[in-house]
Amino acid sequence: MPDGSESSDELVYKRVLLKLSGEALMGPSEFGIHMPTCLSFAEEIASALKNTGVELCLVIGGGNIFRGLQGAANGMERAQADSMGMLATVMNALAMQSALEQIGVPTRVQSAIPMNTVCEPYIRRRAIRHMEKGRVVIFAAGTGNPYFTTDTGAALRAAEMNCHAMFKGTQVDGVYSADPKLDASAERYDQLGYQEVLARDLRVMDASAVSLMRDTNIPIVVFSLHNKGALQEVLLGKGTSTVIS
Ligand code: UDP
């Protein structure tokens, strides 16, 4: 550290919900689930759990398999298409469960659409108990309702689980003034206010997710999924991220 003091390595956020988009699971593929990519996320999660003792839950989107809006554009009824989108998130949740359990991380999947032979139904107090016991809880099927997204589902579960932060893993290491892949002069923000994100339409997450985080006073931490060790560093208050609070 610049002043020569030791890093305290203290966990900044004791209980965290990590939101991954479905597309993150595609890895180099153009569609679907790329298991080596799921395994590399699982390894990041496993080492963060081991080294920080964080209580962690996950929400994974479904955009790598099916989006309700796509179905609606192709002539399906929107609510029906959204049910398919929610089922896609269950597939992703099961894939991540498999990746995590392959490397010894205990997990439970809880679905907002009950499917008891496949996973647990969503039960709030049970989910909290799982996390207290060191299990990673993967929340599937978003909010269980059409016309919502998994960003909003993630915000809802983060609030219900009394999380200290919602982590949003993205392709880049924070929120920028423009797309840093297209605009070299794009500026990265260390901190932003919820209102600023909404007013400037910075598109970190859906507006409904951001406003729920604002109302419940839970910070959103945006960081890169592709920097090895980033999850652990950001949990310890180090590394690069944008904190929206
Ligand atoms: N979805 C829904 N209700 C929810 C969450 C998701 O209907 O509470 C459906 C919706 O059709 C959405 C799809 O599931 O398009 C996949 O979720 P999302 O688009 O949020 O996934 P991501 O963009 O994060 O991969």
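Everything numeric in this text was worked out from a predicted model, so none of it was measured. Atoms within each ligand, like the ligands themselves, are counted from 1 in listed order.
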Close N or O approach ([X], ligand 1; < 3.5 Å):
X	value
Gly63	yes
Thr150	yes
Arg67	yes
Phe66	no
Leu20	no
Asn145	yes
Ala81	no
Thr89	no

Atoms in ligand 1 flagged as close to [X], the criterion being non-hydrogen separation under 4.0 Å:
X	result
Gly61	21 (O), 22 (P), 24 (O), 25 (O)
Lys19	24 (O)
Thr143	4 (C), 8 (O)
Gly62	16 (C), 17 (O), 21 (O), 22 (P), 25 (O)
Gly22	22 (P), 24 (O), 25 (O)

*Distance from Glu44 atom CD to Asn227 atom CG, nearest 0.5 Å?*
9.0 Å
*asked:* I'd like to know whether Met205 forms a side-chain contact (heavy atoms from CB on, under 4.5 Å) with Ile220, so could you lay out the CA-CA distance, the side-chain angles of the two residues, the decisive distance to 0.1 Å, and finally the verdict.
replied: CA-CA 9 Å; Met205 300 196 110; Ile220 303 170; 4.3 Å; yes
With a 3.5 Å cut-off and no angle check, do the side chains of [X] and [Y] form a donor-acceptor pair?
X	Y	answer
Thr149	Asp151	no
Glu160	Tyr122	yes
Thr150	Thr89	no

*Any non-hydrogen atom of Pro146 lying under 4.0 Å from ligand 1?*
yes
*Could you tell me if any non-hydrogen atom of Leu69 lies under 4.0 Å from any atom of ligand 1?*
no
*Would you check, one step at a time, whether the test side-chain contact (heavy atoms from CB on, under 4.5 Å) holds for Leu18 with Ile45?*
CA-CA 10 Å; Leu18 171 62; Ile45 289 169; 4.2 Å; yes
*Side-chain contact test, heavy atoms from C-beta onward, threshold under 4.5 Å: evaluate it for Ser224 versus Val172 and give yes or no.*
no
_Contact check, side chains of Gln102 and Leu39, non-hydrogen atoms, under 4.5 Å_ = yes
List the closest protein heavy-atom neighbour of [atom]: residue, atom name, distance to the nearest 0.1 Å.
atom	answer
atom 6 (C) of ligand 1	Phe148 O, 3.6 Å
atom 10 (C) of ligand 1	Asp82 OD1, 3.3 Å
atom 15 (O) of ligand 1	Gly68 N, 3.1 Å
atom 13 (C) of ligand 1	Gly85 CA, 3.6 Å
atom 5 (C) of ligand 1	Thr149 C, 3.3 Å

*Could you tell me whether Glu23 and Arg67 have a side-chain N and a carboxylate O separated by less than 4.0 Å?*
yes
_If the threshold is 4.0 Å, N to carboxylate O, is there a salt bridge linking Glu233 and Lys238?_
no
_Using the ring centroid of each side chain, check whether Tyr176 and Tyr189 are separated by less than 6.0 Å._
no
*Test the Arg108-Phe139 pair against the cation-pi criterion, namely NZ or CZ under 6.0 angstrom from the six-membered ring centroid and within 45° of the ring axis.*
no
